[in-house]
Amino acid sequence: RAKDALTETVCFYEVSMDEAARSRRLIANDLWQAVERNELQLHYQVQKAVNSGETVGYEVLLRWHHPVRGTIPPGEFIPIAEECGAILPVGEWVLREACREAATWNSDHKIAVNLSPVQLGNADVADLVQRVLQETGLSPHRLELEITESTIIGDKERALNTLRRIKALGVTIAIDDFGTGYSSLETLRAFPFDKIKLDRSFMSEVEASPEAKAIIRAILALGQTLRVPVLAEGVETRSQLDILLSEGCDEAQGYFLGRPVPVERIRPGGTASEAA
Ligand code: C2E
Ligand code: MG
Ligand code: MG
Ligand code: MG
């Protein structure tokens, strides 16, 4: 009897694993067509200077409106896109669409586009960035690419090479979700970053945890020493913003400053100059 129960458990487990795998396959299939079917949309989330409150730029965040499943969050479909390779066409679409949009703005606000490790591992990505900038006419200094530390855990030499080529175009590089990876300090030393994005987990704990606050201070000091500005992610309250102000943090992003929204909401009257 115990054995029967065990068998049942094992079978059930296998079935649900199958289900998960099946669902991933279905999503992967649909993803390949999502671009052509016009199911992808970009949202923009404002990034502001902490002391002046001025808008510095916008992070571009991908949304997928699936005809049957509804809106699927990027946390769910990006990993699948990376696994099945669809991240290459999807990522290219994001880059081109965001650059094309920003080129029409009557402002010098930056756009920050997330770059997947899979894209960075692809030899052609620097060429792609150059081509898209030419096509859209966006000034290179208005484009920032966000990469996470995990991006660089693979083939470091290759990643470094690609980053150098991208930077040579005049595009800047931000390190995303900083403080959550394994090799933070070594990565910072070896790679040519222009901005540190402090992971939002520190913000959510800053008021309750002296340790979180101490880590934020240490990273701000590091940024100052390396002369790299620090942006705090996930700022949800006025008091969190006040802490950042008193600690001397350069930039901030989060629901308190503005949620990710479709582009119409950041360019009233057709320009983004008075956005958010
Ligand atoms: P990320 O690059 O770290 O983006 C920030 C995420 O935090 C976004 O989630 C944003 O909506 C969310 N966020 C912003 N402010 C707050 C806040 O105050 N509180 C909380 N709790 N969350 C906040 P989202 O849009 O779901 O994206 C999740 C992740 O998916 C992104 O993390 C990024 O890694 C990835 N992603 C999104 N778009 C793209 C894309 O076009 N290409 C690639 N490769 N990855 C993307
Ligand atoms: Mg990001
Ligand atoms: Mg982030
Ligand atoms: Mg993140």
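Ligands are counted one by one from 1 in listed order, and the atoms in each one are counted from 1 as well. Start at 1 with the first residue, then count along the sequence.
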Mode of P73 contact toward ligand 1 - side chain, backbone, both, neither (heavy atoms, under 4.0 Å): neither
Ligand-residue contact atoms, ligand 1 with E236, heavy atoms, under 4.0 Å: 17 (C), 18 (O), 19 (N), 20 (C), 21 (N)
K197 touching ligand 1 at heavy-atom level, < 4.0 angstrom: no
Given E82, E83, E19, the one that forms salt bridge (charged side-chain N to carboxylate O under 4.0 Å, His left out) with R24: E83
Residue N114, metal the Mg ion (ligand 2), N/O/S under 2.8 Å: yes
R63 and ligand 1 - part of the residue with a heavy-atom distance under 4.0 Å: side chain
G234 touching ligand 1 at heavy-atom level, < 4.0 angstrom: yes
Those atoms of ligand 1 less than 4.0 Å from some heavy atom in V94: 41 (O)
Per-atom contacts of ligand 1 with V235, taking only distances under 4.0 Å to non-hydrogen atoms: 18 (O)
Residue Q45 vicinity, atoms of ligand 1 by number, heavy atom under 4.0 Å: 14 (C), 15 (N)
Heavy-atom pair of closest approach, residues V230 and G223: CG2-CA, 4.1 Å
Contact (N/O only, under 3.5 Å) between Q119 and ligand 1: no
Interatomic distance, L115 atom CG to L128 atom CG [nearest 0.5 angstrom]: 9.0 Å
Close approach of G91 to ligand 1, heavy atoms, under 4.0 angstrom: no
Donor-acceptor pair, side chain of E97 and main chain of W93, under 3.5 angstrom: no
Any pair counted as side chain to side chain donor-acceptor pair (under 3.5 Å), so long as it reaches residues 216-231, sequence neighbours left out: R217-E247
Heavy-atom closest contact (D176 atom, N114 atom, distance): OD2-OD1, 3.1 Å
Considering only N, O or S atoms of E146, the one closest to the Mg ion (ligand 2): OE1
Atom of E59 closest to the Mg ion (ligand 2), considering N, O or S atoms: OE2
N or O pair under 3.5 Å between L62 and ligand 1: yes
Min side-chain heavy-atom separation R69-S23 under 4.5 Å: yes
Q119 side chain to S116 backbone, donor-acceptor under 3.5 Å: yes
salt_bridge(K195, D250) N-O dist < 4.0 Å: no
N, O or S from D177 under 2.8 Å to the Mg ion (ligand 3): yes
Subset of ligand 1 atoms that lie under 4.0 Å from at least one heavy atom of P260: 11 (O)
Side-chain (R142) to main-chain (H109) donor-acceptor, under 3.5 angstrom: yes
With the Mg ion (ligand 3) as the apex, the OE2/OD1 angle for E233 and D176 - to 10°: 110°
M203 heavy atom under 4.0 Å from ligand 1: no
Under 3.5 Å: donor-acceptor pair, side chain of D177, backbone of D199: no
Contact partition for E59 relative to ligand 1, non-hydrogen atoms under 4.0 Å: side chain
Exam field: side chain S246 to backbone I243, donor-acceptor pair closer than 3.5 Å: yes
Contact atoms of ligand 1, heavy-atom distance to S116 under 4.0 Å: 44 (N)
Proximal candidate to atom 46 (C) of ligand 1 [heavy atom criterion; set L95, T237, I87, I78]: I78
Check: T71 and H65 side chains under 4.5 Å, non-hydrogen atoms: yes
Winner among D176, L115, I147, N114 once heavy atoms are compared against atom 42 (N) of ligand 1: N114
Check: E59/Q45 side-chain N/O donor and acceptor closer than 3.5 Å: no
H43 and ligand 1 - part of the residue with a heavy-atom distance under 4.0 Å: neither
